[in-house]
Amino acid sequence: MPPNHNQRRAESAMVDRDTDTVGQGALIEFAAVAEWIEAATSRSAKIALLSRYFAQLQDDPLYYAVHYFAGQGFPQRERRLAPIGELTLVTALSVLSGIEPAKLNAHLKRLGDLAEVAALVLVRQSEPILTLEDVAIGLEQLAKTQGRRKLSWVIRLLEPATSLEAKYLTRLLLGDLQIGLEEAMIEAAVAQMTAQPLEQIRWGYTLLGDLGKTALLARHNQLTQARMQLFQPLKFMLASTVQDPAQVIQQLPQGFAVETKYDGIRAQAHIAPAGKPTNWHPETVFAGIRVALFSRTAADISLSFPDLIAPLASLAPHALVTGETAGLILDGEIVPCQNDQILPVAALQPRLDPESPSADRIASVPVAFVVYDVLYKDGAVLLNHPYSERRRVLESLLLETPEVRLAAAQILFDLESLEQRFFQARAQGQEGLMVKALNSCYRPGRRSHEWLKIKRAIITLDVVVTAAEITPETAPWFSNYAVAIRTSDGDPTLLQIGKVAVGLSQPELETLSDWIQRYTIEEFAEGMVRLVEPQIVLEITVEQLKPSQRYKSGYDLHDARIVRIRRDKSVNDIDTLDSLLYLVEQTQNWWDSSEG
DNA sequence: GATGGCTGCCC
DNA sequence: ATTCTGC
DNA sequence: GCAGAATGGGCAGCCATC
């Protein structure tokens, strides 16, 4: 559709038509605005249109519209609904349109977008009748429903939809609007609509964790009443990556603290008096103190870690005053550990069960919460306090226990000691270090340069390519390589060790594909899979070597990526089973000696 | 009861 | 998580 | 430089089906 046409529709969505329906939030109007935004390129024009659209909506529809434009069915911090999957939607579309799923999948392949498929096959001639509130009700039901029964709600939601409505309903259900609209633009639109400073909107959103609610408060000039909401997770501050300690000195000349880089699950802990018993889970309350743990995507993972509830709640008597603002928000990492040793992060996987884990499972994978930041304490929002101050608060309130630990941190001044510390970290089997500017504030949701992770892969191997495969995504280039090592210096027998598929640039990919053609010994799957002469040597990095029955070497690669093509090396120079075993042993020693 | 497709959610 | 891209 | 979009590995749960 041409932008002009969309703009007319979008604008007409905002002029008075029938006083009964103005501002009620028809889904078709939302869709028209979304269409226009998708086609537009000017950032300011998108914001202006969005702000005018918001302005004419009544309160409830505004609340929904703000969330839906953010691509989310619910407030960001109440992730009650995980988006539904492609299969469910294809099935629903099939039921509604009477078209075979296979045909729909063919459409999907051609159009590359399920929402376009929905728009194509759901062609209702009648008037659009859906409202944003209808959508909210449907999503609410979906959130309460498990498994296959979700399908019937998807069908009920899509059934009355016109083509354009179906397109955006589909995208909402998939959890992503895909119209090139950043959250920051929605914030700007709210600011424009309410004629309030953008900074004020942002701060309100940070405190409330709910952009829709922020918009409503802003509209009614009540933003100053916004308070930090305990048990509504803040976004996490993220770090950017550097490879070399020298880059740290360059980027953080004002002084920095160095922390151990804990490899686990990032989590935010909220701890506060439970108050009146309501609908939260009894297992998350200990001695009148409620505890919640949130993952990086704001999922509530408290029930996966019942063994952390009591230890975290026990911080309260030392830390909390009584009263309405009493509470604590901590940022840290959940790590698997056993007898004081911190284990590889892979050990945590079984604990991420959505239901409560069994006692067996808890016992077999003990965990600790390593705390490295404090964001809120008893009414004081600490986000805008510098790192050094937050660290001081943290050290004053945490008692070390096996389950709750304080992240190891030290202040370093020069490159030499930083390099030494980095070397030490790697000798202990950690992939690197965290470095944080002493004067940095906690900026939720930002990947800032005030937090850096120095990171380098632990294990490097030279391997030879023995087979290659073209995947649909990378056709016509060979992108998946089966690789092998030698048995020993004296024995050139090749042993398969796994597959590697990432790390090459496009030109390298093309070069390598050429070579694969040239060295092909045998073809399978119409040439998509080839056995090749063992001529091509790759340098790869591996996070971990895992014992495995699958390959003759007895090991499998974990998180392998290609560093470079070693034109200078031949199959005679690659790693051997002996050197591999040495690496495995060394890694083992690292884990054994590391105390975290 | 085992298997396999699909989903979801960590990294 | 990483990588690529568009602004 | 940033945020978003697209990508990958790994594993466990759910459900339908064999």
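Each chain gets a letter, A, B and so on, in the order the sequences are listed, and its residues count up from 1.
Here the side chain of A:Glu182 is nearest to one of D:dG4, D:dC2, B:dC11, namely D:dG4. Checking D:dA12, B:dC10, C:dT2 against every side-chain atom of A:Ile301, the shortest atom distance belongs to B:dC10.
Counting to the nearest Å, the C1' atom of B:dC9 and the CD1 atom of A:Ile334 are 14 Å from each other. Following rounding to the nearest Å, A:Leu89 (CG) and B:dT7 (C1') show an atom-to-atom distance of 13 Å. Atom CD in A:Gln430 sits roughly 17 Å away from atom C1' in B:dC11 (whole-Å rounding). Spacing between atom NE2 of A:His449 and atom P of D:dA3 amounts to 10 Å, rounded to whole angstrom units. Note: CZ (A:Arg361) to C1' (D:dC11) measures 10 Å, nearest angstrom. The CD1 atom of A:Ile265 sits 12 Å away from the P atom of C:dA1 (whole-angstrom rounding). Distance CZ (A:Arg351) to C1' (B:dC11): 17 Å, rounded to an integer number of Å. Atom CZ of A:Arg202 is separated from atom P of D:dA3 by 9 Å (rounded to the nearest Å).
Close to B:dC9, at under 4.0 Å from its OP1 or OP2, lies no side-chain N or O of A:Arg266. Between A:Arg447 and D:dG1, a side-chain N or O to OP1/OP2 separation shorter than 4.0 Å is absent. A sub-4.0 Å separation between OP1 or OP2 of C:dA1 and a side-chain N or O of A:Lys455 is absent. Between A:Thr297 and the phosphate of B:dC9, there is no side-chain N or O to OP1/OP2 separation shorter than 4.0 Å.
Among the heavy atoms of the strands lying under 4.0 Å from A:Gln349 is at least one base atom, whether or not backbone atoms are also near. At a threshold of 4.0 angstrom between heavy atoms, the contacts of A:Arg446 are confined to the sugar-phosphate backbone, with no base atom among them.
Salt bridge A:Lys455/A:Asp244: absent, no basic N to carboxylate O contact under 4.0 Å. Using a 4.0 Å cut-off between charged side-chain N and carboxylate O, A:Glu38 and A:Arg171 make a salt bridge.
B:dG8 and C:dA1: their C1' atoms are spaced 16 Å apart (whole Å).
In this structure, A:His270 and A:Phe294 have perpendicular ring planes: the angle between them is above 60°, well past the 30° mark.
Seen from the ring of A:Tyr442, A:Lys436 does not count as a face-on cation partner, given the 6.0 Å and 45° thresholds.
Every residue meeting the salt bridge (charged side-chain N to carboxylate O under 4.0 Å, His left out) condition with A:Arg202, not counting sequence neighbours, appears here in chain and number order: A:Glu187, A:Glu199.
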